[in-house]
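One structure is given below, encoded as structure tokens.
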Number of protein chains: 2
Amino acid sequence: MDGRARWQVVYNELHTLIEEGKYAPGEQLPPERELVERFGFSRATIRTALTRLEQAGLVYAGAGSVGRTVRRPLEIHFDASKFEVGAYKDDEVRGVDQWLSNVEEQGWEGRQVVTVTTRSAPQQVARWLAVEPGTRLVRRRRVRMVRKPPGVEWIPVMLADSWFPEDVAHRKVDGIAPLLEERDITMPGGIIRSIGIRQVKFVDEIRSRMPADDERSLLALPTGTPVGEHARIGIDEHGRRIRVLASVFAGDKQYVRYELPVAQPEAEVKSA
Amino acid sequence: MDGRARWQVVYNELHTLIEEGKYAPGEQLPPERELVERFGFSRATIRTALTRLEQAGLVYAGAGSVGRTVRRPLEIHFDASKFEVGAYKDDEVRGVDQWLSNVEEQGWEGRQVVTVTTRSAPQQVARWLAVEPGTRLVRRRRVRMVRKPPGVEWIPVMLADSWFPEDVAHRKVDGIAPLLEERDITMPGGIIRSIGIRQVKFVDEIRSRMPADDERSLLALPTGTPVGEHARIGIDEHGRRIRVLASVFAGDKQYVRYELPVAQPEAEVKSA
DNA sequence: ACGGATTTGTGCGTATGTATA
DNA sequence: CTATACATACGCACAAATCCG
């Protein structure tokens, strides 16, 4: 052991080669067998190096002839300051979902699958909505997928769960409760507004964590990929927390973006 | 092999026990030797389970007789919508750093160490500032630490790097260039304003990723901890990107928060 | 449809190094 | 200094997934 561990030598070398583009995105790394020969280390040692590369998000692996493949960065972003806050006016008239607009603006085709269930509030959701853990809530889950160009397979990129207190979820307009519908619904002015609720403030929380098992499988995340979590809490004029939209996205594929005007100190005007 | 892998059995059991609080934060997991006995699996198998628990952010490990410890969540947040955007005006008069105010508001004691260097722009920073990769830039790095209560050791929680084009960094006020000073400087109205630059817009980007090696050591991150990255790009009235503040924080310790007022639709179809 | 070849996944046993109390 | 506990490393075997002929 000369200062560094053996697996670190392998790790560093491969890391450099990938960064330099010697192994390009979409390409395969040499199989373990070959690396064992090249470095003269045991398979176990080579494997810890490769495992760390996966954890670092540089490659993903699959048994069989997929081998280890260098990841292709996606880099979609999600404009949280425009979303629901006043932009995308045209889309609401057209009846297009704002997330879709946002994605299409970046040249992707988007799609989402909606499921609605009633379940008791997990710890974190209870905190967001300021209710007791275990309270019955309605969860409206959207699995969001993109592809480019049209025709290739869909890549799941986001898991967007809206949670509502039951009384909110069951509100009706024109005889139906839109929040309970298991399809991609849009309403002029937004669904929430259509059922007579006015949100006056959002509180957004963004954190970085490792995914739960169900998130890993739904988003098809390779082992070791972190996720970002963007929670938007909607608050009405009475200060009640009406809903929370918790979006979980693959850290290597998406990021969240805000645009903020800066309030100028003296006699300046805000650039709304 | 009963459907699941052996290490998964161990993983799931420990995961459950930790979630239920049977192993509380700060407590130690049983040593590997004991788990080998309890489950009747080999040490290697137990180890893969434990490694995954680390990756999942539930425990951290250290060689020696420390063993594996269940993580204690910190949960500090960082109010990005108030930061620099007009709140905390009093502090600027008082000359207190805004990050410090934010942290102290949550009952922590804060401290930061500043270092200034000139270096060529990394890929990502170049993209943020819209300059060529390799351009010489000034980096003002702040390692931010907290502790509670006063007296215990400092916990590094954030790495805040401000990057400036050289001409911006060298601007002077009262004969000194405040951005090049290696100490915790505050100016009424903010440092940037004090050197005659007006930022009119911020663009924030937040992403989740695995830390680079230097970030891991500076933030004392256990293996497998993801980081959040919050980048704030400041844009002046000519549309020039004046600086970027890239903050990297441990995903398990901090999160970013925004408060957004909702634009209300008065007359008809307008916003949501 | 099937079977073989390739490649990663899982698992065992063992030994030695290194950090910490 | 010693005991403990994790980190690294070797070798071996078989299972499971994938692709291709």
Side-chain angles (χ1 to χ4, degrees), chain A residues 1-14 23 26-56 58-71 153 213 216-217 220-225, chain B residues 1-14 23 26-56 58-71 153 213 216-217 220-225:
Chain A
M1 248 55 53
D2 41 77
R4 263 206 301 277
R6 292 192 168 179
W7 67 262
Q8 285 253 0
V9 176
V10 181
Y11 177 91
N12 288 337
E13 167 138 1
L14 293 176
Y23 295 120
E27 238 177 81
Q28 310 254 325
L29 286 193
E32 296 176 3
R33 180 187 46 72
E34 205 174 307
L35 293 172
V36 167
E37 280 176 31
R38 196 204 298 182
F39 287 94
F41 302 154
S42 78
R43 185 172 166 223
T45 307
I46 298 292
R47 270 183 71 76
T48 54
L50 290 169
T51 304
R52 306 285 173 137
L53 279 176
E54 274 175 53
Q55 288 172 26
L58 291 175
V59 300
Y60 61 88
S65 46
V66 272
R68 278 191 175 80
T69 313
V70 178
R71 269 207 197 152
E153 359 66 84
D213 284 342
R216 260 241 317 284
S217 63
L221 297 175
T223 317
T225 312
Chain B
M1 241 62 50
D2 42 75
R4 266 205 303 273
R6 291 193 170 181
W7 67 262
Q8 287 249 357
V9 175
V10 181
Y11 176 92
N12 288 336
E13 168 136 3
L14 293 176
Y23 296 120
E27 239 178 81
Q28 309 256 325
L29 286 193
E32 297 177 1
R33 181 188 46 72
E34 204 173 307
L35 293 171
V36 167
E37 279 175 30
R38 196 205 299 182
F39 287 95
F41 302 152
S42 80
R43 182 164 171 234
T45 306
I46 298 290
R47 268 183 73 74
T48 55
L50 291 170
T51 304
R52 306 286 174 138
L53 279 176
E54 275 175 49
Q55 288 171 28
L58 292 174
V59 301
Y60 59 89
S65 47
V66 272
R68 276 188 176 80
T69 314
V70 178
R71 277 214 187 141
E153 1 66 87
D213 283 342
R216 261 241 316 284
S217 63
L221 296 175
T223 316
T225 313

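All chains are named by letter (A, B, ...) in the order of the sequence lines, taking the proteins before the strands, and each is independently numbered beginning at 1. Keep in mind that what you see is a predicted model, and the values were worked out from it rather than measured.
When distances are taken from the side chain of B:Glu32 to each of D:dC6, C:dT7, D:dA9, the shortest belongs to D:dC6. In this structure, the nucleotide among D:dA16, D:dC10, C:dG11 sitting nearest to the side chain of A:Arg6 is D:dC10. Listed nucleotides: C:dG11, C:dT8, D:dC10. Nearest to the side chain of A:Pro31: C:dT8. Which of C:dG11, D:dC10, D:dT8 sits closest to the side chain of A:Ala44 comes down to D:dC10.
Under 4.0 angstrom from either OP1 or OP2 of C:dT8 there lies no side-chain N or O belonging to A:Arg47. Residue A:Arg68 places no side-chain N or O under 4.0 Å from the OP1 or OP2 atom of C:dT7.
In this structure, B:Arg33 and A:Phe41 both approach DNA chain D, and ranking their closest nucleotides by distance from the 5' end singles out B:Arg33. When each of A:Leu50 and B:Ile46 is assigned the nucleotide of DNA chain C with its nearest heavy atom, A:Leu50 is the one assigned upstream, toward the 5' end.
Taking atom CG of A:Leu35 as the reference point, atom C1' of D:dA9 lies 17 Å away to the nearest angstrom. For the pair A:Gln8 CD and C:dT18 P, the computed distance is 14 Å after rounding to whole Å. One atom, CD of B:Gln28, and another, C1' of D:dT4, lie 12 Å apart when rounded to the nearest Å. Straight-line distance from the CH2 atom of A:Trp7 to the C1' atom of D:dC10: 17 Å, rounded to whole Å. Regarding B:Glu54, its CD atom lies at a distance of 16 Å from the P atom of D:dA5, rounded to whole Å. As a whole-Å value, the separation of B:Phe39 CZ from C:dC12 P is 13 Å.
Looking at heavy atoms from C-beta onward, B:Val59 lies out of side-chain contact with B:Leu50 at the 4.5 angstrom threshold. Within the 4.5 Å cutoff, the side chain of B:Arg68 has heavy atoms near those of the B:Glu54 side chain. With contacts defined as side-chain heavy-atom distances shorter than 4.5 Å, the pair B:Leu29/B:Val70 qualifies.
A salt bridge is defined here as a Lys NZ or Arg NE, NH1 or NH2 lying under 4.0 Å from an Asp or Glu carboxylate O, and A:Glu13 with A:Arg38 meets this definition.
Under 3.5 Å, the side chain of A:Arg43 and the base of C:dG9 form at least one donor-acceptor pair of N or O atoms.
Exactly one of B:Val36, B:Leu14, B:Thr51 qualifies for a side-chain contact (heavy atoms from CB on, under 4.5 Å) with B:Ile46. That residue is B:Val36.
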